[in-house]
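Notes for the one structure printed next.
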Number of protein chains: 2
Amino acid sequence: MNLKQLSHRLGLSQTTVSRALNGYPEVGEATRQRVLSAAARYNYRPNSRAKGLATGRSHTIGHVLPTTTRHEVVNPIFGDFIAGAGEVYAANDYEMVLSIVEDDTEEEVYRAFKTRGTVDGVILHGPKLNDRRITLLQEIGLPFVVHGRASGVAADYSWVDVNNTSAFARATEFLIDLGHRRIALINGPEEMDFAHRRRCGYEDGLTRRGLPADPALMRSDEMTERFGYDSACALLGAADPPTAFLVASVISALGVRRAVEERGLRLARDISVVTFDDMLSYLDNGGQVPVFTATRSSVRDAGRRAARLLLAQIAAPASLPDPVLLEAELTVGQSTGPARPLPPAPLTLPAKTR
Amino acid sequence: MNLKQLSHRLGLSQTTVSRALNGYPEVGEATRQRVLSAAARYNYRPNSRAKGLATGRSHTIGHVLPTTTRHEVVNPIFGDFIAGAGEVYAANDYEMVLSIVEDDTEEEVYRAFKTRGTVDGVILHGPKLNDRRITLLQEIGLPFVVHGRASGVAADYSWVDVNNTSAFARATEFLIDLGHRRIALINGPEEMDFAHRRRCGYEDGLTRRGLPADPALMRSDEMTERFGYDSACALLGAADPPTAFLVASVISALGVRRAVEERGLRLARDISVVTFDDMLSYLDNGGQVPVFTATRSSVRDAGRRAARLLLAQIAAPASLPDPVLLEAELTVGQSTGPARPLPPAPLTLPAKTR
DNA sequence: CCCCTTTTTCAAAGCGGTTTGGATCCTGAT
DNA sequence: ATCAGGATCCAAACCGCTTTGAAAAAGGGG
């Protein structure tokens, strides 16, 4: 059932039926009702391609998910972010298209989006330092909102980001105030902007309390469970081990915990862990007393906000860039405690072992 | 730059240019080259909506992701599955649209997909027992492939599934052969088909070895880390606790491990754990010796296969349903070992305490 | 009752492609 | 030279919707 057939059944022109359905004022209330009920009865829905062709807009938002070439890791954050964004799209009759793309063809995807008219705008995921995609999208003239930011990119653009710096600065100071002096940082990949900012925050926290930043205590890589485990093993086995860990992801934090407990140590009592918690639905850290002390901020909520921002921008193309900075809250859980005066000395010679 | 402009620049008709670009034979080789290079120079790409309108096909596959109403959990499997499917779509010039949808409006989404012509086919996620969506999609006449199967649905359809039953039967027998007699099952939600089948496999394994199935040892819910932890705590704290756990997801298995180690017990030595491992990229269980003994099967690969199946079906609509049953492999890791003759007796009175 | 506004409705022209049914131009065979 | 037939190319119709510009109908005032 298409518009022509429907209007024919009603004895009306396509024009009138179309207008009735789209809520234009120049159609009589009586006819509008007649049209509406007929459309419902015949289960009529306008063909989206035809509509798009006529209006020039696709009512579709593109999400490009680059597969990190290094490890083929699919961003675990993605599901929840997209769930948030999807809510907003659904409520506004927008469609979402997803491109999984190898890093190097990403530019081509954006260009195709624009020239083929596949989408009305895109959400940019996983911005890196000096991310070229931002200026690229501006050149292309495709409306976009970034989930995160890109240090080093001067351009003005809309983004939704957590205050990673302040979050990790606070977390670091929190640990220092508990008496910790050797605090390890288990970070995400350094080329990612969020990871960069978190490290800055960590270093800020240290310097504000007058502590030096020791490169030997910092690790950074894809935030898998295994990475958390391996890093913690290495650090705990080294000379002058940390008494606390600041971790960029709950998944890695699970790995850190494994390493800690495998050594017969106890979280909070022997080793403190603070993690960044994106509040992923399947990794609920909640309950009355959170498992991990965490700086947390809902990535799902970020998805909602980013989507809303983008839709607003598409509706009013002349509008100014609108950055949103979310503050993470620091919630105390069961993984932190005061530094022990004397960490249990391993029965090995400290020096010489290299 | 659209077709009209391009053909005008070339001094050719739209027909010829279109045919040259789409590889039809009735155009001279010389002109074809001329067209091709002009298209490249002017960066021409056909508008996808116009093309879709004309051809009647959208070159788009729909994925509907129902948010589990119960806990608002976003399926953590989803990211990797879609990464696999996306590879195939990208290679075949297909687009992927994603609908995040509350359970009860899912039917409406499929109907809209069909009548609006948004997609050429859909992949069905998370089939439940007697899932109504399958017959619905057949009624609607939308090509589809199911990731998983639906017990109780008689219809013939294409699906890609792991042999959950045999996987969990083998895992159970494996544990029994190690001497375990009390084996707990930490399963996914029972209404999900895969969870149902895993329980069947578990029970099969037990009966084949002449052991009874004890309902007190079975738990089932959303497969979060917390659920694994809570379940393991409850079971380990009860009278006659299990010596082994069969877990439906690595995420829950992490929770089980936490509960185990928190009690001062050691994996493999005191408590054995076998988990189903979907080989999610951020939960790498790999390495030379896997952390968890696991029945494993790549969900990413399943995504690839499902996508290929669907594209083939769309290309040849008359083709017969094509089910694909993947076998999970049982890989032995560091989380299993022989049952200890005498589990460390807790210092409490066994009876009376209820 | 007529004329002028305001409502309400319509025919037709796009939107940017594909595809049908011819037309034109070359060949080589007769 | 003529003609069949294949190789090329083209004009126009069509896909299903929106939207412009105009016409028809209805309402209101004198």
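In the text below, chain A, chain B and the rest are named by the order of the sequence lines, each starting its count at 1. Everything quoted here is computed from the prediction, not taken from an experiment.
Remark: C1' of D:dC9 and CZ of B:R34 are 12 Å apart, rounded to the nearest angstrom. Protein atom NE2 of A:H8 is 12 Å distant from nucleotide atom P of C:dC10, rounded to whole Å. Here D:dA25 presents its C1' atom at 14 Å from CG of A:L12, a figure rounded to the nearest Å. Atom CD of B:E29 and atom C1' of C:dC26 are 18 Å apart (whole Å).
With hydrogens and angles ignored, the 3.5 Å screen pairs no side-chain donor or acceptor of A:D278 with any backbone N or O of A:L280.
A salt bridge links B:D120 to B:R57: at least one charged side-chain nitrogen sits closer than 4.0 Å to a carboxylate oxygen. Of the charged side-chain nitrogens involved, at least one lies within less than 4.0 Å of a carboxylate oxygen, so that A:R149 and A:D161 count as a salt-bridged pair. Residues B:K128 and B:D131 are not paired through a salt bridge, judged by the lack of any N-O separation under 4.0 Å between the basic side chain and the carboxylate. Salt bridge status for A:E106 with A:R133: present, with a side-chain N to carboxylate O gap under 4.0 Å.
At a threshold of 4.0 angstrom between heavy atoms, the contacts of A:T31 are confined to the sugar-phosphate backbone, with no base atom among them. Within the nucleic acid shown, A:G56 has no heavy atom closer than 4.0 Å to any nucleic acid atom.
Surrounding CZ of A:R132 are at most 12 heavy atoms belonging to other residues, nucleotides or ligands under 6.0 Å away.
A cation-pi arrangement, defined by a distance under 6.0 Å to the six-membered ring centre and an angle within 45 degrees of its axis, is absent between B:R300 and B:F81.
Defining each end axis of the helix from C:dC1-D:dG30 to C:dT30-D:dA1 as the rotation carrying four pairs' C1' atoms onto the next four, with five pairs an end, the two axes are found to diverge by 50° to 10 degrees.
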Interface polar pairs with nucleotides 16-19 of chain C, N/O, under 3.5 angstrom:
from   : atom 1 : to    : atom 2 : distance (Å)
C:dG16 : N2     : B:A50 : O      : 3.4
C:dG17 : OP1    : B:N47 : N      : 3.4
C:dG17 : OP2    : B:L3  : N      : 2.6
C:dG17 : O5'    : B:Y44 : OH     : 2.9
C:dG17 : O5'    : B:N47 : N      : 3.4
C:dT18 : OP1    : B:N22 : ND2    : 3.0
C:dT18 : OP2    : B:S18 : OG     : 2.5
C:dT19 : OP2    : B:Y24 : OH     : 2.9
C:dT19 : O4     : B:T15 : OG1    : 3.0

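Between A:R45 and B:R111, some side-chain heavy-atom pair lies under the 4.5 Å cut-off.
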